[in-house]
Amino acid sequence: QVQLVESGGGLVQPGGSLRLSCAGSTGTLNFYTIGWFRQAPGKEREGVSCISSSEGSSEGSTYYAESAEGRFSISRDNAKDTVYLEVNSLKPEDTAVYYCAAASRGWGATLVRDKYNYWGQGAQVAVSS
């Protein structure tokens with residue numbers, strides 16, 4: 001079973017940046033599609049970005065939701081069993097709890113929430129002046 005731990009959240013001013021980390025516990029994160037989702041108070045959890053496994057035909061392809069396109073960047077460090085989400089040009093509406101999740105690599109780069117079997121505990125990101 002994959003255990004995921006997010007870190008790197010915090011309070012940042014509008015226009016600022018953060019790097020969120022999603023660390024695995026078994027050295028096998030590379031065999032999964034990893035997605036980042038977020039949930040703001042009173043709203044549904046929404047997909048932000050994902051990266052497919054670098055093993056197999058998808059070869060580490062990435063996908064961004066419209067809200068993240070051009071501002072967020074997802075990447076892997078397989079040696080550290082970690083996936084990162086760089087979040088730039090932050091806006092107050094980016095305030096949310098950010099979760100990483102793992103899905104079977106067979107799904108490729110997907111943000112369909114019910115494809116994800118394993119979830120981290122979340123990291124709070126607050127954007128405020």
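The figures that follow rest on heavy atoms only: side chains count, while hydrogens, waters and symmetry mates do not.
- The heavy-atom pair separating Q39 from K43 by the smallest distance is NE2-O, 3.1 Å.
- We find the CG-CD distance between L29 and Q3 to be 12.0 Å, quoted to the nearest 0.5 Å.
- Applying the salt bridge (charged side-chain N to carboxylate O under 4.0 Å, His left out) rule to pairs touching residues 70-91 yields R71-D94, sequence neighbours excluded.
- Hydrophobic cluster of F37: the remaining members, joined at side-chain heavy-atom separations below 4.5 Å, are Y63, V97, Y99, L111, Y116, W119, listed by chain and number.
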One pair to check against side chain to side chain contact (heavy atoms under 4.5 Å, CB included): T28 and V2. What are the steps and the verdict? CA-CA 8 Å; T28 61; V2 176; 4.3 Å; yes
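- Between the S53 side chain and the N30 main chain, a donor and an acceptor come within less than 3.5 Å of each other.
- Closest approach of A109 to S52, counting heavy atoms only: N-CB, 3.9 Å.
- A donor-acceptor distance shorter than 3.5 angstrom exists from the side chain of T33 to the backbone of G108, with no hydrogens or angles considered.
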Chi angles and distances behind the side chain to side chain contact (heavy atoms under 4.5 Å, CB included) call for W36, L20: CA-CA 10 Å; W36 283 95; L20 303 178; 3.6 Å; yes
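- Taking both residues in full, the closest heavy atoms of A102 and I34 are given as CB-CD1, 3.7 Å, listed atom of the first, atom of the second, then distance.
- Both tests do not hold together for R105 against Y32: distance to the six-membered ring centre under 6.0 Å, angle to the ring axis within 45°.
- Under the 3.5 Å distance criterion, the side-chain polar atoms of T110 are matched with a main-chain donor or acceptor of V112.
- Side-chain atoms of T95 come within 3.5 Å of backbone N or O of V127 as a donor-acceptor pair.
- Atom OG in S67 sits 5.0 Å away from atom CD in E46 (nearest 0.5 Å).
- Note: the hydrophobic cluster containing Y64 does not contain Y84 (ILVMFWY, side chain heavy atoms under 4.5 Å, direct or indirect links).
- Rounded to the nearest 0.5 Å, atoms CD1 (I51) and SG (C22) are 11.5 Å apart.
- Every residue was checked against the disulfide bond (SG atoms under 2.5 Å apart) condition with C50, not counting sequence neighbours, and none meets it.
- When atom types are taken as modelled, the side chain of E6 and the backbone of Q121 share a donor-acceptor pair closer than 3.5 angstrom.
- Under a hydrophobic clustering in which Ile, Leu, Val, Met, Phe, Trp and Tyr are joined whenever their side-chain heavy atoms come within less than 4.5 Å, directly or via other members, F31 and V83 fall into the same cluster.
- A donor atom on one side chain and an acceptor atom on the other are not found under 3.5 Å apart for S21 and T82.
- Closest heavy-atom contact between S129 and P14: N-CD, 3.7 Å.
- A donor-acceptor contact shorter than 3.5 Å is absent between the side chain of R38 and the backbone of G47.
- Follow the hydrophobic side-chain contacts under 4.5 Å out from L4 and you reach I74 in the same cluster.
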Could you please spell out the steps behind the side chain to side chain contact (heavy atoms under 4.5 Å, CB included) verdict for L85 and S49? CA-CA 8 Å; L85 184 70; S49 181; 4.1 Å; yes
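- In the displayed structure, E93 atom CD is contacted under 6.0 Å by more than 12 heavy atoms of other residues, nucleotides or ligands.
- Of all non-hydrogen atoms in S89 and S17, the two that sit nearest each other are N-OG, 4.2 Å.
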